[in-house]
Participant: 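Let me begin by handing over the structure; questions about it come next.
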Amino acid sequence: VLRGSFTDMYLTTTGNFENFMPGNNDSSANLNNQYTYSRDPVTGNYIYNTQNLYPANNVVTHQINATQANHLFNGNYTNTDNHMPHEYDWGLGIQQELKWGLLAEADYHGNHSSTLMTVDTPSNFPKQLMQPQYQSLLNTMVANPWGNQIQPQNTQINTPTEPLAVLYYTDPQYGVVTLFGTNAGTSNYNALVLRVEHRMSRGFAFLVNYTLSKSLDDVGSPDYNGANGGGAAKNRQTGQNYNDTYGISPLDHTQRLTIYHDVRLPFGQGRLFLGHPSSFGSKVLDNIVGGWEYAGIVTYITGGPLVFNSQN
């Protein structure tokens with residue numbers, strides 16, 4: 001038997017849509033002087049959906065004036081152009097029935113996405129300047145072009161002088177900017193799956209399943225939300241963005257072997273011993289020792305990649 005499949009899935013297995021929509025961030029609509037919330041003020045739950053990320057009753061329009069133009073709420077922003085990420089999944093397999101009740105199967109599985117939710121950090125410091133010989137120069141205090149011109153909130157700068165290094169950030173007047181909800185995360189998964197099965201006959205059954213795979217991504221595990229890490233986050237070093245971390249996924253386990261077995265003990269009705277209980281005593285004995293099976297699952301998995309939490 002030869003089988004093939006191809007699907008386009010909007011319920012992704014690598015990225016988490018909700019985790020990348022934090023509740024109290026400015027959105028890119030701030031460019032139009034709109035400040036948005038995305039949490040229910042009563043329950044605290046997210047109230048957006050893929051058709052209406054920002055309900056009308058949760059959008060407050062600001063007046064355009066000099067005060068608003070110079071006021072930056074905080075360094076966290078949400079991209080209002082985001083959409084539900086999707087991924088492609090495909091497979092090809094062949095199955096053959098063998099002698100002695102055996103069934104063998106070989107399958108290839110692939111998965112790809114380039115629209116997973118990730119967090120963008122556009123205000124990175126230039127990596128080429130991260131050299132020891134520049135340390136003294138970059139610590140030099142210089143006049144701040146935005147000194148006393150903006151109302152600082154959190155990471156914004158308005159002091160008269162700042163270290164020279166600060167001015168090398170992209171748009172340094174905004175401070176450290178974090179953009180949530182960017183459809184740019186990438187993942188790739190490829191796997192070879194081999195399976196041998198013996199269905200229940202002659203009192204036993206077993207299934208042996210072996211997977212050889214490789215998983216690559218730049219977003220980490222589904223519970224990775226960029227700001228708080230997550231169960232298997234990829235921590236970026238200073239000066240890195242999401243696309244700099246593409247490589248072996250924290251979720252990767254190269255090899256996996258699963259063995260299932262089920263053995264029927266030869267006691268009880270229809271089996272080798274006590275197969276036809278007729279007397280009262282044999283029926284009682286059948287109820288006690290008959291019908292038992294021994295079954296279990298054993299799984300062997302190679303270790304996952306080490307995840308270092310220090311960013312520097």
Side-chain angles (χ1 to χ4, degrees), residues 5 7 9 11-20 85-95 102-121 127 182-198 205-263 294-312:
S5 65
T7 56
M9 300 187 298
L11 182 61
T12 63
T13 57
T14 310
N16 187 320
F17 180 64
E18 184 173 282
N19 273 345
F20 291 93
H86 64 95
E87 59 189 20
Y88 301 107
D89 190 271
W90 60 92
L92 181 65
I94 185 171
Q95 186 180 84
L102 294 177
L103 187 69
E105 184 173 344
D107 297 284
Y108 162 73
H109 295 283
N111 180 284
H112 168 75
S113 178
S114 59
T115 61
L116 299 175
M117 285 291 183
T118 189
V119 177
D120 194 3
T121 51
K127 289 185 287 187
T182 301
N183 288 101
T186 300
S187 68
N188 286 289
Y189 175 80
N190 292 279
L192 171 67
V193 180
L194 303 177
R195 184 168 70 98
V196 177
E197 180 181 6
H198 180 275
F206 68 82
L207 172 64
V208 179
N209 196 98
Y210 172 73
T211 301
L212 177 65
S213 64
K214 190 171 187 178
S215 181
L216 304 168
D217 68 40
D218 56 16
V219 295
S221 66
D223 61 343
Y224 170 51
N225 62 15
N228 300 320
K234 284 192 168 183
N235 293 292
R236 305 165 187 169
Q237 292 184 324
T238 301
Q240 286 189 330
N241 209 330
Y242 59 88
N243 49 13
D244 293 313
T245 62
Y246 182 80
I248 298 295
S249 170
L251 304 174
D252 181 74
H253 294 277
T254 304
Q255 299 185 72
R256 181 186 184 99
L257 176 65
T258 302
I259 302 173
Y260 161 78
H261 59 276
D262 185 352
V263 178
Y294 171 73
I297 298 176
V298 180
T299 301
Y300 300 93
I301 307 176
T302 55
L306 294 176
V307 178
F308 297 94
N309 294 322
S310 176
Q311 297 180 339
N312 296 298

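Below, all heavy atoms of this structure are taken into account, side chains as well, without hydrogens, waters or symmetry copies.
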Participant: May I ask you to test the Y294-H261 pair for a side-chain heavy-atom distance under 4.5 Å?
Facilitator: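 Yes; the side chains approach each other to less than 4.5 Å.
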Participant: At what distance, to the nearest 0.5 angstrom, does CG of N188 lie from CG of L216?
Facilitator: 6.0 Å
Participant: Counting distance only, does the side-chain N/O of S249 pair as donor-acceptor with the main-chain N or O of L251 below 3.5 Å?
Facilitator: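 Such a contact is found between S249 side chain and L251 backbone.
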Participant: Do the ring planes of Y88 and H112 sit parallel (below 30°), tilted (30 to 60°) or perpendicular (above 60°)?
Facilitator: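 Ring orientation of Y88 relative to H112: parallel.
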Participant: Calculate, to the nearest 0.5 Å, the distance between atoms OG1 and NE2 belonging to T115 and H86 respectively.
Facilitator: 4.0 Å
Participant: Going through the distances and angles, do R195 and D107 end up as a side-chain contact (heavy atoms from CB on, under 4.5 Å)?
Facilitator: CA-CA 9 Å; R195 184 168 70 98; D107 297 284; 5.6 Å; no
Participant: Might you point out which heavy atoms bring N190 and G110 nearest each other, and give the distance in Å?
Facilitator: OD1-CA, 4.3 Å
Participant: As an exercise, state the distance from CD of E87 to CG of L116, rounded to the nearest 0.5 Å.
Facilitator: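 E87 atom CD to L116 atom CG measures 6.5 Å (nearest 0.5 Å).
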Participant: Which heavy atom in T302 sits nearest to a heavy atom in T254, and how many Å separate them?
Facilitator: OG1-N, 3.2 Å
Participant: Check whether S187 reaches the backbone of D217 with its side chain - one donor and one acceptor, N or O, closer than 3.5 Å.
Facilitator: no
Participant: Can you name the closest pair of heavy atoms from A184 and D218 and give their distance?
Facilitator: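 A184 and D218 have their closest heavy atoms at O-OD2, 4.4 Å.
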Participant: My understanding is that only residues two or more places apart in sequence, or in another chain, count here; which of them pass ring-ring contact (aromatic ring centres under 6.0 Å, His included) with Y300?
Facilitator: none
Participant: Pair up each side-chain donor or acceptor in residues 206-215 with any protein partner under 3.5 Å, not counting sequence neighbours, and list the distances.
Facilitator:
residue, atom, partner, partner atom, Å
Y210, OH, Q255, OE1, 2.6
S213, OG, H253, O, 3.3

Participant: How close do T258 and I297 get, heavy atom to heavy atom, and via which atoms?
Facilitator: CG2-CG2, 3.8 Å
